Amino acid sequence: LCNIQTFFTYCVRRNYMKEMVSCESKVKENVRSDQKKDAFTEEELNILFQCKNYEKDIFNADWEFWLPILGHYSGARLNELCQLEVRDLKKDGSVWYFDINDDHPYKYLKNNNSIRNIPLHPDLVRLRFPEYVKQQKDKSKVFIFDIKKLPDLKLSHYPSKRMSNLLEIAGIKRKSLTYHSFRHNFRRRLKEVLVDDEIIARLMGHGPKGPGEDSYKKPFEVKYLYEH
């Protein structure tokens, strides 16, 4: 999943990381062009995370920095990430994970299969995201991110607009690209390294494909999802 060397250099400077992450190993792209619709290219991802906002730390709020990174590494929907509470980042043994749930009046999920656990990618641990969440908890914050809730709108309403603005600042002009494009990239990367279809579906909050099934009978352990 790692492909943004300059971005990691920036993170070391900002003290989100103590050392560089090696990005020498890349996965060969073998997906048909018609399957790449609405996904970022490798070049576009590099441009995005090397734009002046990340290079010069130009953000009005912490979530403007974190949400694109979390989308890239987790494949979660924007609204799912926006509505995370500090208690939703949990640890099972040595594995950090997001508990995606709808147990707060502000929370909205697409369907029952969206309730799931997503292991935290090691690069997010290196970026000290768990420490950031702890800082929010120490400030008695309920939600990880301070995003203003507008009447009758999801928490992701304003962040979605800010993502469009970030793409414009980065000079990425394809109109089909949105925050949701991170999900297309996430799924494609998992397919490229031959992750099982059911694991991909569970990580992304999709339902089973079997006839007559609308939800999974038994959840996978977080450690199993992390290792596979």
Side-chain angles (χ1 to χ4, degrees), residues 1-4 8 11 16-18 21 62-63 65-104 106-139 141-147 154-156 159 179-180 182-208 215-228:
L1 298 182
C2 176
N3 63 346
I4 314 168
F8 283 125
C11 291
Y16 282 120
M17 300 173 65
K18 295 181 180 179
V21 177
D62 290 347
W63 57 262
F65 170 85
W66 281 113
L67 285 176
I69 300 170
L70 295 179
H72 175 66
Y73 280 110
S74 73
R77 299 177 180 92
L78 177 56
N79 199 64
E80 293 173 342
L81 296 170
C82 290
Q83 63 192 18
L84 283 171
E85 297 178 71
V86 293
R87 62 178 178 172
D88 293 334
L89 180 64
K90 301 179 178 180
K91 198 173 187 182
D92 182 0
S94 62
V95 180
W96 289 98
Y97 67 96
F98 288 129
D99 176 6
I100 306 295
N101 59 70
D102 59 355
D103 61 1
H104 189 284
Y106 274 6
K107 291 184 177 181
Y108 167 83
L109 295 180
K110 186 175 181 179
N111 51 49
N112 288 336
N113 291 302
S114 298
I115 299 174
R116 65 198 189 281
N117 296 325
I118 305 177
L120 215 62
H121 190 278
D123 287 345
L124 292 175
V125 178
R126 294 188 186 101
L127 284 169
R128 302 198 300 186
F129 183 71
E131 284 89 337
Y132 170 74
V133 175
K134 184 180 184 304
Q135 290 174 5
Q136 297 296 85
K137 182 179 181 180
D138 291 344
K139 296 176 185 176
K141 300 287 187 180
V142 175
F143 292 95
I144 294 176
F145 301 116
D146 293 320
I147 303 172
K154 298 177 184 177
L155 276 173
S156 60
Y179 190 92
H180 199 77
F182 288 125
R183 281 175 62 79
H184 293 289
N185 283 89
F186 184 78
R187 182 179 185 278
R188 189 178 76 193
R189 290 193 300 269
L190 294 180
K191 294 286 287 186
E192 287 172 342
V193 294
L194 305 179
V195 174
D196 182 80
D197 285 344
E198 183 177 348
I199 292 178
I200 294 175
R202 293 199 184 208
L203 287 171
M204 299 193 69
H206 292 160
S215 61
Y216 296 103
K217 296 179 181 178
K218 185 178 179 180
F220 283 144
E221 296 291 332
V222 170
K223 185 177 180 180
Y224 181 87
L225 292 172
Y226 179 81
E227 293 175 346
H228 290 75

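Please read all numbers here as calculations on a predicted model, not as lab measurements.
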Q.
Working to the nearest 0.5 angstrom, can you tell me the gap between F65 CZ and Y132 OH?
A. 10.0 Å
Q | Closest heavy-atom pair and its distance - R183, H206 | A | NH2-NE2, 3.1 Å
**Q.** Nearest non-hydrogen partners of I200 and V195, listed with the distance
**A.** CD1-O, 3.5 Å
Q: Grab the two heavy atoms, one from I118 and one from S74, that are nearest each other, plus how far apart they are.
A: CG2-O, 4.0 Å
Q: Decide, yes or no, whether a salt bridge links R87 with D103 under the criterion of side-chain N to carboxylate O below 4.0 Å.
A: yes
**Q.** E192 CD to R188 CZ distance, which is reported to the nearest 0.5 Å
**A.** 5.5 Å
Q) Per the side-chain contact (heavy atoms from CB on, under 4.5 Å) rule, which among L120, L84, L124 passes with L89? A) L120
Q) Would you say the side chain of D197 lies within less than 4.5 Å of the side chain of K191, judging by non-hydrogen atoms? A) yes
Q. Is there a side-chain contact between L203 and P119, using heavy atoms and a 4.5 Å cut-off?
A. yes
Q: Examine distances only and state if a side-chain atom of N101 and a backbone atom of D99 form a donor-acceptor pair shorter than 3.5 Å.
A: yes
**Q.** Nearest-0.5 Å distance, CD of residue E80 to NZ of residue K110
**A.** 9.5 Å
Q) Can you find a pair of side-chain heavy atoms, one from Y179 and one from L81, that are under 4.5 Å apart? A) yes
Q: Please examine the side chains of D102 and I115, heavy atoms only from C-beta on, and report whether any two atoms are closer than 4.5 Å.
A: yes
(Q) Are the side chains of Q83 and H104 in contact, using a 4.5 Å heavy-atom criterion? (A) no
Q.
Please find the pair of heavy atoms, one from I100 and one from S114, that lie closest to each other, and give the distance.
A. CG2-O, 3.3 Å
Q: Anything under 30° is parallel, anything over 60° is perpendicular, the rest tilted; go ahead and classify F129 against F98.
A: perpendicular
Q: Output the distance between atom OH (Y108) and atom CG (N79), rounded to the nearest 0.5 Å.
A: 8.5 Å
Q. So how far is it from F186 CZ to Y73 OH, rounded to the nearest 0.5 Å?
A. 11.5 Å
Q) If you round to the nearest 0.5 Å, how far is NZ of K154 from CZ of R77? A) 9.0 Å
Q: Please say whether more than 12 non-hydrogen atoms of neighbouring residues, nucleotides or ligands are located less than 6.0 Å from NZ in K91.
A: yes
Q. What's the shortest heavy-atom distance between R116 and R202, and which atoms?
A. CD-O, 3.0 Å
**Q.** Heavy-atom pair with the smallest gap, counting every atom of I144 and Q136
**A.** O-NE2, 2.8 Å
Q | Pair W66 and F145, ring centroids less than 6.0 Å apart | A | no
Q: Output, in order, the C-alpha distance, side-chain angles, deciding distance and verdict of salt bridge (charged side-chain N to carboxylate O under 4.0 Å, His left out) for K107 and D88.
A: CA-CA 12 Å; K107 291 184 177 181; D88 293 334; 2.7 Å; yes
Q | Close side-chain approach of H72 and R189, heavy atoms under 4.5 Å | A | yes
